[in-house]
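We use all heavy atoms of the structure for the numbers below, so side chains are in, but hydrogens, waters and symmetry mates are not.
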Amino acid sequence: MSLIRHHIAGAETGAGERTGEVRNPATGEVAGQVAYASAAEAEQAIAAAAAALPGWRATGLIKRADVFFRMRHLLVERQDELAAIITREHGKVLADAKGEISRGIENIEFAAGLVHHLKGEHSEQVARGVDVHSVKQPVGVVGCITPFNFPVMVPLWMAASAIACGNTVVLKPSEKDPSASIFLARLFEEAGLPAGVLNVVHGDKVAVDAILDSPDVKAVSFVGSTPVARTIYERGTAQGKRVQALGGAKNHMIVMPDADLDAAADAAVSAAYGSAGERCMAISVLVPVGDATADALVAKVAERMAGLTIGDGTDPASEMGPLITREHRDRVASYVTGAAAEGATVVVDGTAQEFAGDGFFIGTSLVDHVKPGMKVYDDEIFGPVLSVARAASYDEAVALVNANGFANGTAIFTRDGGTARAFEVDIEVGMVGVNVPLPVPIGAYSFGGWKQSLFGDSHIYGPESIHFYTRSKVVTTRWPEPSESQIDLGFPSNH
């Protein structure tokens, strides 16, 4: 059975003294073993990144940009191969895997503009003979800790901007689907990235702790659950590191009475059940305004659910694949089976759907009359479960969203421009969609929520990533004639 090893300083390494199983979620079969890094192996990767830092930082910006142009070409050329890796280890359907790669390419394209992104500022003659300019310099070695649900897109969210800014990277992907990160590291080096600039270590808390505790790691980017994000942020910042830690979500979609209910139902089904609900931008709570709107919308969503095809992601007919593990499938099912006891109405019970084989499949579920205080509402389920929390008015719907502890993404469906504009102002959420169910920004903007969905001051990728992965330095210069020099004990003045 194949062993997926670490990628350090351009070479595959790792004896695999500790390993974990990598399963195909569609069959339940063990597809391989992944090496779990020891503290020493994680330190080896950090040391490789530190050794590569001076050379990469000194590399000209145009030459750096060339790497990203070549990387984009390689990703497009080999996307089918990479999508197959994603589907085999994650389970999502091939079309979804290719969509993930496409969104990752956006970040490569943004990073390719590094010559522009890294421009400083210059002010001439701020005082007589005095000029001031600013520069953006890399922070150093960056640790990137990424989740299972987007094994290509999220690493590219982080590594692309970090490397473009002149940093070197130690990437710790999810141990559940690790092969895509190795593929990316090899592809970057094929595109011309020097060995050691991007290193990959697999494993568990041992590797994460090494990244968080190493004095050579200056910044950490993380995407995962809120409890872990909080821990990563607190531990990293306590040691003086920059940390951006993106946590969980409970994304609401408000549907006004004037909305196109067919379009809203299509959007709700797509956003709730796409990628089996295993994405932090999934719509997990539908908030129809008024019982008439709710009754009609619930019926339309249930009708569309009946036509969904769930199966192996390699089957072109499949629209939704399995969940990542058997344990996660059972956890998701528990929210549906326990909803009725909490007072909710299970309209469609996906746990009752049967599937052949030993894959980690589950059907789609729809739960109505959900309220805060119910586990099905309060928790991030991260599976194909759509809750319906009815609201009597626009104000009640907005108050429901704003009271939630998560604030990653939200959407409103309406035909009224005034309502839509008011929603943009009133809602306390980081990413907002108007008649758009998954408001994931394009690569030229930045991704991130508020409240418990983000720990740290910087959102991920886009312009804010350039700020996060660089330090600003301001330089004041003067070239006086020797005869002009004199002692002055007063505070420097620009007059």
Side-chain angles (χ1 to χ4, degrees), residues 86 90-92 96-97 99-100 102-104 106-107 144-158 173-174 176-177 180 221-233 243-253 267-268 270-286 320-321 323-325 328 331-332 335 376-387 401 404-411 427-433 436-443 445-456 458-462 464-465:
I86 296 172
H90 175 277
K92 65 178 66 176
D96 198 13
E100 171 184 347
S102 177
R103 294 309 301 266
E106 286 183 14
N107 294 280
C144 299
I145 305 167
T146 59
F148 73 84
N149 58 327
F150 288 101
V152 167
M153 186 178 73
V154 175
L156 291 180
W157 280 5
M158 301 175 184
S174 170
K176 296 180 178 67
D177 47 5
S221 295
F222 171 84
V223 173
S225 68
T226 286
V228 180
R230 182 184 290 109
T231 299
I232 294 285
Y233 179 76
V243 181
Q244 54 178 186
L246 280 70
K250 197 73 178 183
N251 304 318
H252 296 65
M253 175 176 144
S270 299
Y273 306 125
S275 199
E278 291 178 323
R279 52 190 181 193
C280 65
M281 288 301 285
I283 291 297
S284 52
V285 183
L286 198 56
M320 189 184 102
L323 296 184
I324 187 69
T325 64
H328 183 53
R331 176 182 174 274
V332 170
Y335 285 100
V376 72
Y377 178 85
D378 292 344
D379 294 354
E380 182 185 27
I381 299 175
F382 222 61
V385 180
L386 178 60
S387 297
V401 177
N404 194 271
F406 297 111
N408 204 45
T410 189
I427 210 69
E428 298 171 5
V429 176
M431 292 173 284
V432 178
V436 175
L438 290 174
V440 180
I442 62 171
Y445 288 80
S446 295
F447 177 105
W450 294 0
K451 300 180 184 176
Q452 295 182 53
S453 294
L454 174 70
F455 297 87
S458 294
H459 289 176
I460 205 165
Y461 74 73
E464 291 193 43
S465 70

M431 versus V440: any side-chain heavy-atom pair under 4.5 Å? no
Within the side chain of T410, is there an N or O that forms a donor-acceptor pair under 3.5 Å with the backbone of V429? no
If you define the side chain from C-beta out and look only at heavy atoms, does anything of E428 sit under 4.5 Å from K451? yes
According to salt bridge (Lys or Arg N to Asp or Glu O under 4.0 Å), who are the partners of R103, at least two apart in sequence or on a separate chain? E106
Non-hydrogen side-chain atoms of I232 and F455 separated by less than 4.5 Å: no
Which heavy atom of V285 sits nearest a heavy atom of L386, and at what distance? N-CD1, 4.1 Å
Can you tell me if H328 uses its side chain to pair, donor with acceptor, with the backbone of G383 under 3.5 Å? no
Within a strict 4.5 Å, meaning less than it, do heavy atoms of the T146 and V223 side chains meet? no
How long is the straight-line distance from CD of Q244 back to CG of L454, given to the nearest 0.5 Å? 8.0 Å
Using every non-hydrogen atom in the two residues, find where M158 and I145 come nearest and quote the distance to one decimal. CE-O, 3.7 Å
How long is the straight-line distance from CD of E278 back to CZ of F150, given to the nearest 0.5 Å? 9.5 Å
Should N149 and S275 count as side-chain neighbours, where that means a heavy-atom distance under 4.5 Å? no
P439 vs V432 side-chain heavy atoms within contact, under 4.5 Å: no
Shortest non-hydrogen contact from A271 to P437? CB-CB, 3.7 Å
Between T226 (side chain only) and Q452 (backbone N and O only), is there a donor and an acceptor less than 3.5 Å apart? yes
State which residues pass ring-ring contact (aromatic ring centres under 6.0 Å, His included) with F447; sequence neighbours excluded, sorted by chain then number. W157
What are the two closest non-hydrogen atoms of H90 and F148, and how far apart are they? CD2-O, 3.3 Å
R331 side chain to I381 backbone, donor-acceptor under 3.5 Å: yes
Gap separating the CG atom of N408 from the OG atom of S284, nearest 0.5 angstrom: 10.0 Å
Are the side chains of E100 and I86 in touch, meaning some heavy atoms are under 4.5 Å apart? yes
Closest heavy-atom pair, Y273 versus P384, reported as atoms and distance to 0.1 Å, is CE2-O, 3.4 Å
Taking only distance into account, with no hydrogens and no angle test, what donor-acceptor pairs under 3.5 Å do side-chain atoms of residues 246-253 form with protein atoms, sequence neighbours excluded?
| unit_1 | atom_1 | unit_2 | atom_2 | d |
| --- | --- | --- | --- | --- |
| K250 | NZ | V376 | O | 3.1 |
| K250 | NZ | Y377 | O | 3.4 |
| K250 | NZ | D379 | O | 2.5 |
| N251 | OD1 | G409 | N | 2.9 |
| N251 | ND2 | C280 | O | 2.7 |
| N251 | ND2 | A282 | O | 2.9 |
| H252 | ND1 | K250 | O | 2.9 |
| H252 | NE2 | Y377 | OH | 2.8 |

Minimum-distance pair of heavy atoms, taken over all atoms of S465 and S446: N-OG, 4.4 Å
